[in-house]
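Below: one structure, written as structure tokens.
Quick note on labels: first sequence line is chain A, next is B, and so on, each numbered from 1. The structure presented is a predicted model; accordingly, all values stated were derived computationally and were not measured.
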There are 2 protein chains.
Amino acid sequence: MKLINQLSKETGIPIATIRFYEKTGLFAGKKKADVKSNNYTYYDDEVVGKLDLIRDAKSIGFTLSEIKELIDAWYSKQISKEKKLAILDSKLSQIEEKIKELKSVKKQIAFFKSEVENFDW
Amino acid sequence: MKLINQLSKETGIPIATIRFYEKTGLFAGKKKADVKSNNYTYYDDEVVGKLDLIRDAKSIGFTLSEIKELIDAWYSKQISKEKKLAILDSKLSQIEEKIKELKSVKKQIAFFKSEVENFDW
DNA sequence: TTATACCATGAACTATACTTCATACTTTAT
DNA sequence: ATAAAGTATGAAGTATAGTTCATGGTATAA
């Protein structure tokens with residue numbers, strides 16, 4: 001169980017961003033009931049996993065709201081197996097679609113490139 | 001040479017968005033000097049091509065500023081061949097990188113899925 | 001014990017990418 | 001001729017995803 005500073009260092013995500021994500025509902029730290037002198041929040045390794053997932057999913061263009069679905073599909077105990085699988089399948093389709101679009105734009109840029117190389121004098 | 005309404009219909013991009021893109025400097029329509037009674041802007045087919053490129057590039061997560069570079073690399077007459085090729089190569093690398101990230105997240109989600117399928121009872 | 005570092009909270013601020021609104025003028029169809 | 005549709009411009013508003021700031025309390029090391 002780590003404090004926010006250590007969590008930030010482990011994940012490379014700024015403290016303010018972690019706080020923002022937590023407020024957004026992507027995960028939750030815990031208050032230690034036995035600690036009376038302060039109000040500090042503690043985070044376990046599951047939160048590290050969630051932050052890693054957030055970083056990866058963001059890098060491929062998922063919104064925080066889409067990432068929240070993904071996190072719920074993987075970590076939530078309130079969601080049925082069927083629902084989880086449906087969410088995961090939908091995310092996989094989104095990724096397939098993105099890969100297709102990327103390949104298509106890649107082709108277009110490669111075409112631009114060959115045109116610039118061959119006909120731009 | 002078409003007016004903004006027709007351009008919007010041809011590309012499927014809302015008029016307000018086209019205006020926003022034009023203001024952002026992604027392309028420019030032309031005023032007809034011989035038309036004295038109004039101030040209407042006219043757009044040619046090159047603008048249609050640019051709007052198509054904007055739509056495609058946006059869909060794969062390029063920012064408008066990145067898309068502007070791309071448009072310049074393809075359409076600008078002010079930019080040297082070498083510079084254009086460098087920009088296009090850099091965009092191709094970005095796309096390769098995105099494809100890799102997508103495949104990596106895809107694997108991760110497939111793992112989640114198999115775990116949910118097999119161990120979630 | 002006191003300076004430095006760390007934590008919490010709320011509010012304001014920023015950037016990107018639009019969208020909506022208000023106003024006013026122009027064109028077109030009836 | 002006049003109502004409906006189209007165009008231009010500027011300003012304000014919205015959504016997402018943060019970042020920065022102010023304030024105040026807590027922990028720790030010299």
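In the set D:dT7, C:dA8, C:dT26, C:dT26 carries the atom at the smallest distance from any side-chain atom of B:Ser37. The B:Leu64 side chain lies nearest to C:dC18 when the options are D:dG25, D:dT7, C:dC18. Each of D:dT19, C:dC7, C:dT27 was ranked by its minimum atom distance to the side chain of A:Tyr40; first place goes to C:dC7. Each of D:dA8, C:dA17, D:dT20 was ranked by its minimum atom distance to the side chain of B:Asn39; first place goes to D:dA8. Comparing D:dT19, C:dT19, C:dC7 against the side chain of A:Phe20 picks out D:dT19 as the nearest. Residue B:Lys58 has its side chain nearest to C:dC18 when only C:dC18, D:dT9, D:dT7 are considered. Set against D:dA8, D:dG6, D:dT19, the side chain of A:Pro14 has D:dT19 as its closest nucleotide. Here the side chain of A:Asn38 is nearest to one of D:dT26, D:dT20, D:dT7, namely D:dT26.
Checking the phosphate oxygens (OP1, OP2) of C:dA8, a side-chain nitrogen or oxygen of A:Arg19 falls inside 4.0 Å.
Rounded to whole angstrom, the span from the CD1 atom of A:Ile13 across to the P atom of D:dG18 amounts to 9 Å. The distance between atom NZ of B:Lys36 and atom C1' of C:dT27, rounded to the nearest whole Å, is 13 Å.
One finds the CZ atom of B:Phe27 at 6.0 Å from the OH atom of B:Tyr43 (value rounded to the nearest 0.5 Å).
Screening B:Leu64, B:Leu26, B:Ile15, B:Ile13 for a side chain to side chain contact (heavy atoms under 4.5 Å, CB included) involving B:Phe20 leaves a single residue, B:Leu64.
Note on B:Thr24: nothing from the nucleic acid sits closer than 4.0 angstrom, heavy atoms only. Among the heavy atoms of the strands lying under 4.0 Å from B:Tyr21 are primed sugar atoms or P, OP1, OP2 only; no base atom is included.
Taking the charged nitrogens against the carboxylate oxygens, B:Glu46 and B:Lys50 do have a contact shorter than 4.0 Å, which makes a salt bridge.
Side chain to side chain, A:Thr41 and A:Lys31 meet the donor-acceptor criterion of an N or O pair below 3.5 Å.
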